[in-house]
K.L.:
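My questions will all concern the structure given below.
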Amino acid sequence: AQSVAQPEDQVNVAEGNPLTVKCTYSVSGNPYLFWYVQYPNRGLQFLLKYITGDNLVKGSYGFEAEFNKSQTSFHLKKPSALVSDSALYFCAVRDRNQGGKLIFGQGTELSVKP
Amino acid sequence: EAGVAQSPRYKIIEKRQSVAFWCNPISGHATLYWYQQILGQGPKLLIQFQNNGVVDDSQLPKDRFSAERLKGVDSTLKIQPAKLEDSAVYLCASSPRGGDTDTQYFGPGTRLTVL
């Protein structure tokens with residue numbers, strides 16, 4: 001079965017420092033991976049996705065993610081965090097065996113302090 | 001381009017009452033999804049439509065939940081009767097074709113509180 005794990009419930013970083021939000025996955029076949037961000041009382045906003053090709057994927061708001069097949073990971077990164085990046089981040093994998101639904105991790109709360 | 005629209009944004013009901021949520025996807029998107037997001041968890045798919053046909057409703061509690069997508073555009077999700085454990089945010093999403101590489105775009109959600 002397809003699954004996604006986000007091992008950290010919360011990540012705290014200082015503004016200006018690099019940030020990493022971790023994600024590992026378990027899929028059969030080639031993975032299609034996604035990152036979404038959720039601000040309070042808002043829906044999920046798409047950040048980036050990995051389908052194939054370059055292992056480093058660039059997305060919205062300066063975020064990027066590194067696909068590592070050997071470690072089955074897809075960590076979200078940003079070189080310099082902003083206070084406005086504080087939000088809930090979700091990693092997801094496409095379930096290609098069941099109509100293409102997204103399987104989400106439990107989410108990681110990112111807090112960026114000034 | 002207008003995003004996915006949902007209404008109402010908030011709803012409070014007593015248990016055993018019924019409730020309905022409405023979703024209007026991005027224009028031209030063939031695939032529509034309803035997800036349930038319980039506090040502290042990631043969203044979980046309830047039902048997926050391709051045009052007006054159901055692709056996946058394996059996790060929809062069919063004894064109390066129903067959904068339809070008439071004419072392949074708008075969709076309505078209904079709960080009857082509601083239980084306390086139905087308290088959650090109900091997210092609607094749409095994608096152009098429903099293919100594996102498609103991006104799903106989410107609406108703002110409806111926060112349901114069942115008392």
Side-chain angles (χ1 to χ4, degrees), chain A residues 1-10 21 23-25 27-53 57 59-60 65 67 76 87-109, chain B residues 1 3-10 21 23-26 29-51 53-60 88-111 113:
Chain A
Q2 328 284 2
S3 65
V4 171
Q6 294 179 242
E8 301 157 318
D9 290 335
Q10 185 160 10
V21 182
C23 172
T24 59
Y25 65 88
V27 301
S28 56
N30 294 323
Y32 292 163
L33 297 157
F34 300 76
W35 275 103
Y36 285 84
V37 60
Q38 188 173 38
Y39 297 98
N41 299 315
R42 303 272 294 274
L44 277 71
Q45 294 181 33
F46 169 73
L47 282 178
L48 50 80
K49 65 183 177 183
Y50 172 81
I51 303 300
T52 188
V57 180
S60 306
F67 171 67
L76 182 70
L88 189 56
Y89 290 80
F90 289 96
C91 182
V93 63
R94 177 84 77 194
D95 186 340
R96 298 166 66 187
N97 295 323
Q98 291 194 31
K101 68 183 179 186
L102 289 175
I103 306 294
F104 285 88
Q106 75 273 25
T108 297
E109 184 80 40
Chain B
E1 178 182 76
V4 177
Q6 291 188 246
S7 67
R9 293 294 312 277
Y10 305 91
F21 313 128
C23 172
N24 183 245
I26 293 173
H29 280 195
T31 310
L32 186 147
Y33 312 79
W34 283 102
Y35 287 85
Q36 180 192 56
Q37 185 180 15
I38 293 172
L39 186 65
Q41 300 180 18
K44 181 187 76 174
L45 182 75
L46 292 175
I47 189 167
Q48 176 183 343
F49 292 94
Q50 183 73 18
N51 297 308
V54 176
V55 174
D56 182 358
D57 64 356
S58 58
Q59 297 189 88
L60 186 74
V89 176
Y90 291 85
L91 296 164
C92 179
S94 69
S95 67
R97 295 164 301 279
D100 286 346
T101 60
D102 267 12
T103 296
Q104 295 181 24
Y105 297 93
F106 285 79
T110 297
R111 182 178 297 277
T113 302

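Protein chains get the first letters and strands the later ones, always in sequence-line order, with residue 1 at the start of each. When reading the values below, keep in mind they use all heavy atoms of this one structure, side chains included, and skip hydrogens, waters and symmetry mates.
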K.L.:
Indicate yes or no: at least one non-hydrogen side-chain atom of P43(B) is less than 4.5 angstrom from one of F90(A).
P.N.:
yes
K.L.:
Given that the side chain runs from C-beta out, which part of Q104(B) has a heavy atom under 4.5 Å from chain A: side chain, backbone, both or neither?
P.N.:
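Both backbone and side chain of Q104(B) come within 4.5 Å of chain A.
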K.L.:
Restricting to salt bridge (charged side-chain N to carboxylate O under 4.0 Å, His left out), what partner residues turn up for R42(A), sequence neighbours left out?
P.N.:
none
K.L.:
Contact between L102(A) and Y35(B) at the side-chain level, heavy atoms closer than 4.5 Å - yes or no?
P.N.:
yes
K.L.:
Which atoms of I51(A) come close to chain B, meaning under 4.5 Å heavy atom to heavy atom: side chain ones, backbone ones, both, or neither?
P.N.:
side chain
K.L.:
Name the region of Q6(B), side chain, backbone, both or neither, that has any atom closer than 4.5 Å to a heavy atom of chain A.
P.N.:
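No part of Q6(B) comes within 4.5 Å of chain A.
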K.L.:
Does any heavy atom of chain B fall under 4.5 Å from the side chain of I103(A), the backbone, both, or neither of them?
P.N.:
neither
K.L.:
Please find the pair of heavy atoms, one from Y36(A) and one from T103(B), that lie closest to each other, and give the distance.
P.N.:
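Scanning both residues completely, I find the closest heavy atoms to be OH-CG2, 4.1 Å.
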K.L.:
Just give me the residue among D102(B), L91(B), V89(B) that pairs up with chain A most often, heavy atom to heavy atom, under 4.5 Å.
P.N.:
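Looking at each option in turn, the highest pair count goes to D102(B).
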K.L.:
Identify which part of Q45(A) has an atom lying under 4.5 Å from any heavy atom of chain B, answering side chain, backbone, both or neither.
P.N.:
neither
K.L.:
When rounded to the nearest 0.5 angstrom, what is the spacing between NZ in K101(A) and CG in L46(B)?
P.N.:
10.0 Å
